[in-house]
Amino acid sequence: MRIAHCSDVHITEDYFALPLHRLGWRRWMALAELTVGGRARRYARAPQALAAIARDAQAAQVDHFILSGDLTAYALDAEFSGARQSLGALAEDPRRCTVIPGNHDVFTPGSYRTGRFAKYFGHLLESDLPEYRREGAFPFVRLLGTEAAVVGLLSARVPRTPGLSYGVIGEAQLGGLAALLKDARLEGRAILVVVHHAPLNPHGRPDRWHHGLRDADALLKLLPGPRYAVLHGHIHRRYHHPATADRPHVFGAGSSTESGHEGYWLIDVADGQVSGGQQQTPAL
C-alpha cells in the first residue's frame with residue numbers, strides 16, 4: 001500500500017479585507033505574523049499547492065491521503081472552505097482521506113465551540129471501531145484493506161494566548177489507543193497514527209515546551225517497532241526518523257504548501273510494516 005501524507009497547508013484569507021471587529025483580539029495579535037513575519041506572502045498560493053498535491057496523489061493512485069492538521073491560517077470559515085475545495089473529490093470519502101485539526105484550526109474559543117473544523121471535515125472523523133472513542137470522535141480508526149489501519153488523535157487545543165501552541169493528547173485518548181491496539185481486527189496490520197503535534201523534533205529530541213507534544217513519551221511507548229508510524233505536522237520541516245525496536249517511524253510532513261518548500265511524503269506499507277517513505281514535490 002502507499003499513503004500520501006501532507007500537513008500545515010495554512011489556507012489564508014485576506015484578513016485586511018475583513019472588518020476588524022469580526023476577527024477578535026487573538027487574530028489582531030496574529031496580524032503581525034501575517035505581515036511583518038511574512039506568513040501571508042509565503043502562503044499566498046497555498047490553495048493551488050494543496051490542489052496540486054491532491055492531483056499528484058490521485059495520479060499516483062495512492063491508497064489513502066492524510067492531512068495532519070493546520071488547514072487554515074486562523075480558523076476562519078472561508079479558510080476551511082478553501083481547504084475543502086482544494087482537496088476536491090479526495091475529501092468526500094473517508095475510505096480515501098483522513099484529516100485532523102491542528103492548533104491553527106482551533107485558534108479561537110469560538111472556532112472550537114462551534115465545531116468549525118467538523119462543519120467541513122467532520123465526515124472524515126468516522127470510525128470503523130467507534131467503541132474506542134474517548135474524547136469526541138477521537139481516537140478514530142480507519143481500516144485500509146487488509147494491510148493497514150489509520151488512527152486519528154486530537155492534540156490541538158485552544159491556545160491560552162497566541163504564542164503558546166503546545167499539544168496534549170490526554171489520558172483518555174491514550175487509553176483508547178492502548179485498548180484498540182489490542183483488538184484482534186488490527187492483527188497483522190501496519191498502524192499509522194496521525195497527530196498534529198510532533199513527538200520528536202528534526203534532531204530526534206522533544207520539541208520546545210511551548211510548542212511540543214506534552215505527552216509524546218506516553219504515545220511513543222505504545223508504538224514500538226516498524227509496524228507503527230506516527231505522522232505529524234506542526235514543525236515546518238520535512239523529516240523522517242526510522243523506527244527502532246522501541247519506537248515507531250516518525251514522519252514530519254513539514255508545511256506542504258509554504259512557498260519554496262512545497263512537498264509531501266509517499267509512505268509505503270508492506271507485509272504488515274511501514275517500509276519507508278519518499279519525499280515528493282508537487283507539480284505546480
Side-chain angles (χ1 to χ4, degrees), residues 1-8 62-69 98 100 102 127 129 132 134 138-156 167-171 173-207 212-235 237-254 264-279:
M1 301 188 76
R2 178 158 279 187
I3 311 296
H5 172 216
C6 68
S7 197
D8 292 64
V62 299
D63 296 281
H64 203 71
F65 184 93
I66 293 171
L67 203 171
S68 54
T98 292
I100 63 166
S127 182
L129 305 177
Y132 294 109
R134 298 293 185 271
F138 300 93
F140 64 83
V141 184
R142 188 89 15 83
L143 303 177
L144 305 182
T146 60
E147 297 182 58
V150 172
V151 177
L153 297 174
L154 175 68
S155 63
V168 179
I169 299 168
E171 292 184 6
Q173 286 185 69
L174 289 170
L177 174 62
L180 72 87
L181 291 175
K182 299 173 184 177
D183 193 296
R185 289 167 288 186
L186 270 63
E187 186 174 348
R189 295 175 181 267
I191 311 296
L192 297 94
V193 175
V194 187
V195 65
H196 179 63
H197 290 78
L200 297 172
N201 70 15
H203 307 290
R205 297 191 293 270
D207 196 7
L213 181 62
R214 293 288 174 89
D215 38 15
D217 286 346
L219 173 64
L220 295 177
K221 286 177 182 177
L222 293 174
L223 308 169
R227 180 189 176 199
Y228 303 100
V230 175
L231 280 54
H232 70 84
H234 198 50
I235 294 177
R237 288 178 61 183
R238 200 162 296 117
Y239 56 94
H240 171 214
H241 296 305
T244 67
D246 301 318
R247 194 198 67 210
H249 291 276
V250 176
F251 287 94
Y264 61 100
W265 283 104
L266 286 180
I267 299 170
D268 294 312
V269 172
D271 301 321
Q273 295 190 342
V274 177
S275 56
Q278 300 86 43
Q279 296 187 42

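Across every non-hydrogen atom of Y228 and L181, the tightest pair is CE2-CD2, 4.0 Å. In terms of heavy atoms, G152 sits closest to I100 at CA-CG2, 4.4 Å. Residues W265 and A253 come closest through the heavy atom pair CD1-CA, 3.9 Å. Residues D8 and G254 approach most closely at CB-O, 3.7 Å, considering heavy atoms. Residues Y239 and L200 come closest through the heavy atom pair OH-O, 2.6 Å. Of all non-hydrogen atoms in H234 and D207, the two that sit nearest each other are CD2-OD2, 4.5 Å.
Taking CG of L154 as the reference point, atom CZ of R134 lies at 15.0 Å (rounded to 0.5 Å). With rounding to the nearest 0.5 angstrom, the CZ atom of R238 is 6.0 Å from the CD atom of Q279. Between the CZ atom in F65 and the OH atom in Y264 there is a gap of 8.5 Å [rounded to 0.5 Å]. Between the SG atom of C6 and the CD1 atom of I66 there is a distance of 9.5 Å, given to the nearest 0.5 Å. Rounded to the nearest 0.5 angstrom, D246 CG and L220 CG are separated by 11.0 Å. Atom CG of L67 and atom CG of L231 lie 11.0 Å apart (nearest 0.5 Å).
A donor-acceptor distance shorter than 3.5 angstrom exists from the side chain of R189 to the backbone of A148, with no hydrogens or angles considered. The main-chain N or O of V141 is found under 3.5 Å from a side-chain atom of S127 such that the two form a donor-acceptor pair. Checked by atom type and distance alone, the side chain of D215 pairs as donor or acceptor with a backbone atom of G170 at under 3.5 Å. At least one donor-acceptor pair under 3.5 Å links the side chain of D63 to the backbone N or O of R2. D268 places no side-chain N or O within 3.5 Å of a backbone atom of S275 that could act as its donor or acceptor partner. A donor-acceptor pair under 3.5 Å is absent between the side-chain atoms of Q278 and the main chain of I267, judged by distance alone.
With no hydrogens or angles considered, no side-chain donor-acceptor pair links S7 and H232 at under 3.5 Å. If you check the side chains of D183 and Y132, you find a donor sitting under 3.5 Å from an acceptor.
Between L213 and V168, every side-chain heavy-atom pair lies at or beyond the 4.5 Å cut-off. Contact check for L186 versus L143: side-chain heavy atoms found under the 4.5 Å cut-off. Proximity of M1 to H64: side-chain heavy atoms (C-beta onward) are nowhere separated by under 4.5 Å.
In the displayed structure, R185 atom CZ is contacted under 6.0 Å by more than 12 heavy atoms of other residues, nucleotides or ligands. No more than 12 heavy atoms of other residues, nucleotides or ligands lie within 6.0 Å of CD in E171, so this atom counts as exposed by the packing criterion.
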- For L219 and L153, run side-chain contact (heavy atoms from CB on, under 4.5 Å): C-alpha distance rounded to whole Å, both residues' side-chain angles, the deciding distance at 0.1 Å, then the answer. CA-CA 10 Å; L219 173 64; L153 297 174; 3.9 Å; yes

- F140/T98 under side-chain contact (heavy atoms from CB on, under 4.5 Å): CA gap, chis, key distance, verdict: CA-CA 10 Å; F140 64 83; T98 292; 3.7 Å; yes

- Message: Between V151 and I191, does the side-chain contact (heavy atoms from CB on, under 4.5 Å) criterion hold? Intermediate values first, please.
- Response: CA-CA 7 Å; V151 177; I191 311 296; 4.0 Å; yes

- Please assess N201 against H203 for the test side-chain contact (heavy atoms from CB on, under 4.5 Å), listing each intermediate value before the final yes or no. CA-CA 5 Å; N201 70 15; H203 307 290; 3.4 Å; yes

- Query: Going through the checks in order, is the side chain to side chain donor-acceptor pair (under 3.5 Å) test met by S68 and H5?
  - Reply: CA-CA 8 Å; S68 54; H5 172 216; 3.0 Å; yes

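Of the residues Q173, H197, R214, the one that meets the side-chain contact (heavy atoms from CB on, under 4.5 Å) test with S155 is H197.
The six-membered or imidazole ring of H249 lies near that of H240, with a centre-to-centre distance under 6.0 Å.
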